[in-house]
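Computation of the quantities below employed the complete heavy-atom set of this structure, encompassing side-chain atoms and omitting hydrogens, waters and symmetry-equivalent molecules.
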Amino acid sequence: MRRTVHIAGGLESLFGTLDENVKLLESALHVTTHLQDDHLAIEGEAPQVERAVRIINEYNQLIREGRRMSHGDVKAMIRVATQDHKTTLKQVLEPGAPSRPRIFGKKSVTPKSSNQRAYMEAVEKHDMTFAVGPGGTGKTYLAVAMAVSALLTKQVDRIILARPAVEAGERLGFLPGTLQQKIDPYMRPLYDALYDMLDADKLERFLEKGIVEVAPLAFMRGRTLNDSFVILDEAQNTTSEQMKMFLTRLGFNSKAVVTGDVTQIDLPMGRRSGLVEALEVVGRIEGIAFIKFDERDVVRHNLVQQIIKAYEEFGAGEGRKASPVESKKVEPRN
């Protein structure tokens, strides 16, 4: 089947750098395209061609409405729309319910895969969400973005970001300075995400007033966290006791997001990951959402996807026993 569709404008944004956006459309839907002046000819199986035409028409409508989109915005929208045929480009660009808009400070944050979209929706709808998958899939960044949105829209009064202070395979030795200076290296990825969304002056004020708190997991013991958005990052490096302690801190009108990569556990030999155990223990509790990311959700350099896949295949070839999370895809509960 062959269809020709008019391109309303923004040709450069639609095609992207080195035509990467159109190539993504072709590979995802198994179609071929040919540019003819301001028209795009699309060939392939009828259902796939119709999906491609719908995506281009939705892009045209956004252009007519005066939307200005970067190459990256268009790539993200095409990626999500080709993975989930029920999602329109406008829904990717304007996620969230109209009655509860998402505000991310100085940053515009849109999902770059269908799993990222499901993740953001799961965090909105559930009081507790587990996100498991390889690095670069946006687990931490999107969790911080949703926390900032909840704070700025006054859904919560504070944000608490925690990480277990575990060395990633290196022997760092003695760290000089104050307690805060000692723990800052472990917390740096969380600070980076916060600075990406909030002006430095505003974030410093939030930190001084305790509205935003970044601390090692050990600082959570004995606390009850009400009206808070709490994130536990790098949760694969928690012990069973630490994970239980964290999960039972949740107070009224609060949300908790737990992120981790079960292939990157840095605990001492013989210690079981609290994240792996928690997925088994609380996996059937209603009201908790579970999102499983894989290499297709990686939003870093394209080589990173291939590297992650290569390591997974290498591990399978070595006969490594898969963890419960790796053996099945866990979807969020509605």
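- Remark: Leu279 CG to Phe290 CZ distance equals 6.0 Å, nearest 0.5 Å.
- Note that CG of Leu194 is 10.5 Å distant from CZ of Phe206, once rounded to the nearest 0.5 Å.
- Met128 has its side chain within reach of Leu247: a pair of non-hydrogen atoms, C-beta onward, lies under 4.5 Å apart.
- Side-chain atoms of Tyr141 never come within 3.5 Å of backbone atoms of Ala193 as a donor-acceptor pair (strictly under, hydrogens ignored).
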Give the C-alpha distance, both sets of side-chain angles, the deciding distance and a yes or no for side chain to side chain contact (heavy atoms under 4.5 Å, CB included) between Phe130 and Ile288. CA-CA 8 Å; Phe130 283 78; Ile288 301 178; 3.7 Å; yes
Could you give the side-chain donor-acceptor pairs of residues 49-58 under 3.5 Å, partners two or more places apart or in another chain?
residue: Glu50; atom: OE1; partner: Arg3; partner atom: NH1; Å: 2.9
residue: Glu50; atom: OE2; partner: Arg3; partner atom: NH1; Å: 2.9
residue: Arg51; atom: NH2; partner: Ala81; partner atom: O; Å: 3.3
residue: Arg51; atom: NH2; partner: Thr82; partner atom: O; Å: 2.7
residue: Arg54; atom: NE; partner: Glu58; partner atom: OE2; Å: 3.0
residue: Arg54; atom: NH1; partner: His85; partner atom: O; Å: 2.6
residue: Arg54; atom: NH2; partner: His85; partner atom: O; Å: 3.4
residue: Arg54; atom: NH2; partner: Thr87; partner atom: O; Å: 3.2
residue: Asn57; atom: ND2; partner: Val53; partner atom: O; Å: 3.4
residue: Glu58; atom: OE1; partner: Leu89; partner atom: N; Å: 3.1

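- Between the CD1 atom of Ile160 and the CZ atom of Arg223 there is a distance of 4.5 Å, given to the nearest 0.5 Å.
- Rounding to the nearest 0.5 angstrom, the gap separating the CD1 atom in Ile7 from the CD1 atom in Ile63 is 10.5 Å.
- For NZ of Lys106, the number of neighbouring non-hydrogen atoms (other residues, nucleotides, ligands) closer than 6.0 Å is greater than 12.
- Panel note: side chain Gln48, backbone Leu29; a donor-acceptor pair is recorded below 3.5 Å.
- Side-chain atoms of Thr137 never come within 3.5 Å of backbone atoms of Phe293 as a donor-acceptor pair (strictly under, hydrogens ignored).
- One distance of note links CG of Leu142 with OG of Ser149; it measures 12.0 Å at 0.5 Å rounding.
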Does the pair Phe15 and Thr33 meet the rule for a side chain to side chain contact (heavy atoms under 4.5 Å, CB included), with working shown? CA-CA 11 Å; Phe15 274 70; Thr33 65; 5.7 Å; no
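- Side-chain contact check for Met77 versus Leu62: some heavy-atom pair is nearer than 4.5 Å.
- The environment of CD in Gln61 is crowded: more than 12 heavy-atom neighbours from other residues, nucleotides or ligands sit within 6.0 Å.
- Looking only at distances, a side-chain donor or acceptor of Asn237 sits under 3.5 Å from a matching main-chain atom of Asp266.
- Annotation: side-chain hydrogen bond (donor to acceptor under 3.5 Å, both in side chains) contacts of Ser113 (sequence neighbours excluded): Asp297.
- A distance-only check finds no donor-acceptor pair linking the side chain of Asp233 to the backbone of Arg163 [under 3.5 Å].
- No donor-acceptor pair under 3.5 Å is formed between the side chain of Lys244 and the backbone N or O of Thr239.
- Remark: side-chain polar atoms of Lys255 are paired, donor with acceptor, to backbone N or O of Glu124 under 3.5 angstrom.
- Listed by chain and number, the residues in a salt bridge (Lys or Arg N to Asp or Glu O under 4.0 Å) with Asp196 are Lys107 (sequence neighbours excluded).
- Paired with Glu241 under the rule salt bridge (charged side-chain N to carboxylate O under 4.0 Å, His left out), one option of Arg221, Arg271, Arg272 passes, and it is Arg271.
- Of the possible polar contacts, none joining the Gln36 side chain to the Ala41 backbone as a donor-acceptor pair under 3.5 Å is found.
- In this structure, the side chain of Ser228 does not engage the main chain of Ser254 through any donor-acceptor pair within 3.5 Å.
- Panel note: side chain Glu277, backbone Ser240; no donor-acceptor pair is recorded below 3.5 Å.
- Screening Ile159, Ile231, Leu190 against Val214 for a side chain to side chain contact (heavy atoms under 4.5 Å, CB included) leaves a single residue, Leu190.
- Aromatic ring orientation, Tyr195 versus Tyr191: tilted (interplanar angle from 30° to 60°).
- Residues Gln83 and Asn115 fail the side-chain proximity criterion, which asks for heavy atoms closer than 4.5 Å.
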